Amino acid sequence: MKRELTPDQLRDFRKRLLDWYRRHRRILPWRRTRDPYAIWVSEVMLQQTQVKTVIPYYRRFLGRFPDLAALAHAPLQEVLKVWEGLGYYTRVRNLHRAAQRLVRENGGALPAAYEQWKQLPGVGEYIAAAISSIAFQQPCAVVDGNVKRVLSRLFLCDEPVNRSPSSGVFGSLADQLLDRDKPGDHNQAMMELGATVCRPRRPLCPRCPVRGYCRAFREGVQGRYPVRLARTALPEVSVAVGVVHREGRVLITQRREKGLLGGLWEFPGGKIQPNESPAQACRREIHEEVGLVVEVGTRIARIKHAYSHFKVMLQVFSCRYLRGKVRLKGPVNFQWVWPEELENYPFPAANRKFLPLIQQSWERFFGPDDGPGGDE
DNA sequence: AATACGGGGAC
DNA sequence: GTCCCAGTATT
């Protein structure tokens with residue numbers, strides 16, 4: 001892999017890229033501000049998440065938490081509620097923690113230097129380079145999925161882009177190309193090129209401002225780059241979930257902060273074991289997780305959902321509370337809520353899919369009265 | 001060096 | 001269905 005460009009070539013490459021960017025960049029909400037806090041929020045949201053998905057979340061988040069202090073002083077549950085549906089919830093917990101730390105230890109000021117950013121929770125090499133270059137004009141090259149794809153094609157680089165971490169070749173290539181006079185625009189131009197021209201499939205090479213430097217284009221092998229390691233198939237699990245009704249309210253539980261869907265609320269349930277019916281699993285799991293004895297009624301939904309490392313089939317049942325007092329094993333909190341109140345809690349997307357079915361299914365099968373009472 | 005961590009857009 | 005997205009933390 002030949003990858004050295006002459007100083008003249010580098011100058012020309014940077015100019016072509018920057019001219020193209022200034023003419024063709026998309027107007028995006030976080031490109032209309034110079035507020036480092038706002039740019040930070042956008043970078044956190046954009047991790048592994050497409051621009052189109054982020055835009056409405058970005059607007060809502062900044063409307064609700066317009067500055068660092070507003071975020072730092074908000075309860076985590078409120079922050080999670082605004083993040084609900086965006087995924088990778090550790091991102092927002094880290095953002096919240098970082099905001100609190102900066103308010104407490106740094107007078108609410110944001111750092112300018114890469115090394116300072118890097119020390120904040122949730123800020124890795126990419127975000128540290130992105131913010132310090134875009135908001136503070138520091139000469140740090142970013143390497144994200146777009147940049148790796150562009151570099152992979154430019155230099156016919158055989159390093160797999162999805163290996164962790166990708167050895168460092170992409171970092172040194174990006175660093176070589178970086179325009180140290182305009183690092184922020186240069187970085188955004190590289191990413192924009194990857195997003196809109198040097199796309200994963202069917203790249204628009206005729207529109208590429210630097211195709212003259214692209215070895216993949218010259219050799220007509222754009223389709224074979226970037227090189228990517230094959231991924232293994234996602235395992236599948238079946239889960240039974242119960243909506244436990246009692247006197248018109250339903251039981252929800254909160255997941256612990258660490259791990260999958262940390263801090264979110266959900267309906268109790270768990271894995272269906274071999275030789276067990278979904279309804280049996282539902283009753284057993286509710287007894288194990290929250291200590292209640294319930295009557296499992298009708299199945300109100302079957303939900304297929306894919307997470308990043310496995311797939312689930314959720315079988316959701318309406319349940320009638322019979323007896324027992326809530327004793328949690330697993331969840332860290334619980335609440336009996338009226339159906340109208342469900343909107344106030346952050347739920348995983350898979351749970352949100354059946355929220356509208358809860359009230360009507362209960363009334364259809366058990367009548368519109370108060371539901372079962374209890375001896376608690 | 002691998003794995004955990006969401007959800008959805010685009011095909 | 002599949003691929004992959006402005007990655008980071010943990011093990």
Side-chain angles (χ1 to χ4, degrees), chain A residues 21 25-26 28-31 39-58 80 83-95 97-98 117-131 133-135 140-150 160-168 170-171 174 184 186-196 198-202 223 226 228-236 255 257-264 266 303-312 346-353:
Chain A
Y21 177 65
R25 66 176 161 191
R26 295 167 291 178
L28 301 173
W30 44 92
R31 288 190 178 150
I39 294 170
W40 182 16
V41 170
S42 78
E43 296 298 352
V44 174
M45 288 187 170
L46 285 162
Q47 283 176 50
Q48 299 291 286
T49 310
Q50 294 179 355
V51 164
K52 183 168 187 180
T53 303
V54 165
I55 289 175
Y57 282 92
Y58 174 85
L80 270 176
W83 203 270
E84 178 189 40
L86 198 50
Y88 283 155
Y89 298 93
T90 297
R91 291 184 292 178
V92 76
R93 281 200 305 280
N94 282 334
L95 180 62
R97 273 206 299 148
W117 278 105
K118 188 74 173 60
Q119 289 169 27
L120 292 169
V123 177
E125 291 182 9
Y126 166 77
I127 290 190
I131 301 183
S133 68
I134 296 170
C140 307
V142 301
V143 179
D144 74 332
N146 289 309
V147 172
K148 282 196 262 191
R149 183 169 55 255
V150 170
V161 290
N162 59 342
R163 187 146 72 193
S164 61
S166 321
S167 75
F170 294 113
H186 173 93
N187 279 333
Q188 294 192 76
M190 288 288 285
M191 295 189 280
E192 188 78 349
L193 188 68
T196 64
C198 197
R199 308 180 299 188
R201 287 177 290 256
R202 300 185 299 106
R228 189 171 271 281
L229 264 34
R231 67 177 63 174
T232 56
L234 302 180
E236 298 184 35
R255 300 175 65 93
E257 272 210 14
K258 291 176 73 73
L260 185 70
L261 305 169
L264 271 62
E266 66 184 358
I303 310 283
K304 294 179 73 170
H305 194 79
Y307 291 98
S308 40
H309 53 298
F310 66 96
K311 299 179 186 178
V312 287
F347 284 94
N351 277 238
R352 288 203 67 85
K353 290 178 182 172

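Order of the sequence lines sets the chain letters (A, B, ...), proteins ahead of strands, with each chain counted from 1. Just so you know, these numbers come straight off a predicted model, no measurement behind them.
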Per A:Leu260 side chain, nearest of listed nucleotides B:dC5, C:dA6, C:dG7: B:dC5
query: Are A:Val44 and A:Val92 close enough that some pair of their side-chain heavy atoms sits under 4.5 Å apart?
result: no
- request: Starting from the 5' end of DNA chain B, give me the residue, A:Arg202 or A:Tyr57, whose nearest nucleotide shows up first.
  value: A:Tyr57
- prompt: In Å and rounded to the nearest 0.5 Å, what is the CH2 to CE distance from A:Trp30 to A:Met45?
  reply: 9.0 Å
task: Determine the contact category for A:Trp83: base if any of its heavy atoms lies under 4.0 Å from a base atom, sugar-phosphate if only primed atoms, P, OP1 or OP2 are that close, otherwise nothing.
output: nothing
field: Options C:dA6, C:dC4, B:dG6, nucleotide nearest the side-chain atoms of A:Tyr89
entry: B:dG6
- request: Mind checking A:Ala130 for me? I need base, sugar-phosphate or nothing, with any heavy atom below 4.0 Å counting as a touch.
  value: nothing
field: Rounded P spacing from B:dC5 to C:dC4 in Å
entry: 22 Å
- prompt: With a non-hydrogen cut-off below 4.0 angstrom, is A:Arg231 in contact with a base, only sugar-phosphate, or nothing?
  reply: base
- request: For A:Arg31 and for A:Leu120, locate the closest nucleotide of DNA chain C by heavy-atom distance; then report the residue assigned to the nucleotide nearer the 5' terminus.
  value: A:Arg31
query: With sugar-phosphate meaning primed atoms plus P, OP1 and OP2, does A:Leu261 contact a base, only sugar-phosphate, or nothing at under 4.0 Å between heavy atoms?
result: sugar-phosphate
task: Could you state the atom-to-atom distance from CD of A:Gln47 to C1' of C:dC4 in whole Å?
output: 15 Å
message: Does a side-chain N or O of A:Lys258 approach OP1 or OP2 of C:dT10 to a distance below 4.0 Å, or not?
response: no
message: Heavy atoms from C-beta onward define the side chain here; which of B:dA4, C:dG7, B:dA10 lies closest to that of A:Lys52?
response: B:dA10
query: What is the distance, rounded to the nearest whole Å, between atom CE of A:Met45 and atom C1' of C:dC5?
result: 16 Å
- prompt: Taking it one step at a time, do A:Tyr307 and A:His305 satisfy ring pair (Phe, Tyr, Trp, His ring centres under 6.0 Å)?
  reply: CA-CA 7 Å; A:Tyr307 291 98; A:His305 194 79; 4.9 Å; yes
query: Looking for any heavy atom pair under 4.0 Å, which part of the strands does A:Ser308 touch: base, sugar-phosphate only, or nothing?
result: base
field: A:Leu234 CG to C:dC4 P, straight-line distance once rounded to whole Å
entry: 14 Å
- prompt: Looking only at atom P, what distance separates B:dC11 and C:dA6, rounded to whole Å?
  reply: 14 Å
- prompt: Below 4.0 angstrom from OP1 or OP2 of C:dC4, is there any side-chain N or O of A:Arg228?
  reply: yes
- line: Side-chain atoms of A:Ile127 come closest, of B:dG7, C:dA6, C:dG7, to C:dG7
- prompt: Could you give the distance from OH (A:Tyr88) to CG (A:Leu261), rounded to the nearest 0.5 Å?
  reply: 11.5 Å
query: Roughly, in whole Å, what's the span from CZ in A:Arg201 to C1' in B:dG9?
result: 10 Å
query: Is there a donor-acceptor pair closer than 3.5 Å between any side-chain N or O of A:Arg97 and the backbone N or O of A:Pro121?
result: no
5'-most by nearest nucleotide on DNA chain C - A:Asn146 or A:Lys304: A:Lys304
message: Counting C-beta onward and ignoring hydrogens, is there a side-chain heavy-atom pair between A:Glu192 and A:Arg26 closer than 4.5 Å?
response: yes
Minimum side-chain heavy-atom gap A:Ile127-A:Gln47 below 4.5 Å: yes
Whole-angstrom distance between C:dT11 and B:dG6, as gauged at atom P: 15 Å
- prompt: Under the 3.5 Å rule, do the base of B:dG6 and the side chain of A:Tyr88 count as making a donor-acceptor pair?
  reply: yes
query: Quick one: does A:Thr49 reach the base of B:dG6 with a side-chain donor-acceptor pair under 3.5 Å?
result: yes
query: Hey, is the side chain of A:His305 poking within less than 4.0 Å of OP1 or OP2 on B:dG6, counting only N and O atoms?
result: no
- prompt: Once you round it to whole Å, what is the distance between C1' of C:dG7 and CG of A:Asp144?
  reply: 9 Å
message: Any base atoms under 4.0 Å from A:Val147, or only sugar-phosphate, or nothing? Heavy atoms, all strands.
response: nothing
- prompt: Which part of the nucleic acid, if any, lies within reach of A:Gly194 when heavy atoms closer than 4.0 Å are counted: base, sugar-phosphate only, or nothing?
  reply: nothing
task: Step by step, work out the side chain to side chain contact (heavy atoms under 4.5 Å, CB included) result for A:Leu28 and A:Gln188.
output: CA-CA 12 Å; A:Leu28 301 173; A:Gln188 294 192 76; over 6 Å; no
Nearest-nucleotide pick for A:Gln50, side chain only, options being C:dG7, B:dG9, C:dA6: B:dG9
- prompt: Taking CD1 from A:Ile134 and P from C:dA6, how many angstroms apart are they, rounded to a whole number?
  reply: 13 Å
message: So, OP1 or OP2 of B:dA4: does either fall under 4.0 Å of a side-chain N or O from A:His309?
response: no
5′-ward residue of the pair A:Gly259/A:Thr53 relative to DNA chain B: A:Gly259
message: For a quick test of reading the model: is some side-chain N or O of A:Arg91 closer than 4.0 Å to OP1 or OP2 of B:dG6?
response: no
message: Tell me the interatomic distance from A:Tyr126, atom OH, to C:dA6, atom P, rounded to whole angstroms.
response: 9 Å
field: Distance in angstrom units between A:Arg199 CZ and B:dA10 P, rounded
entry: 11 Å
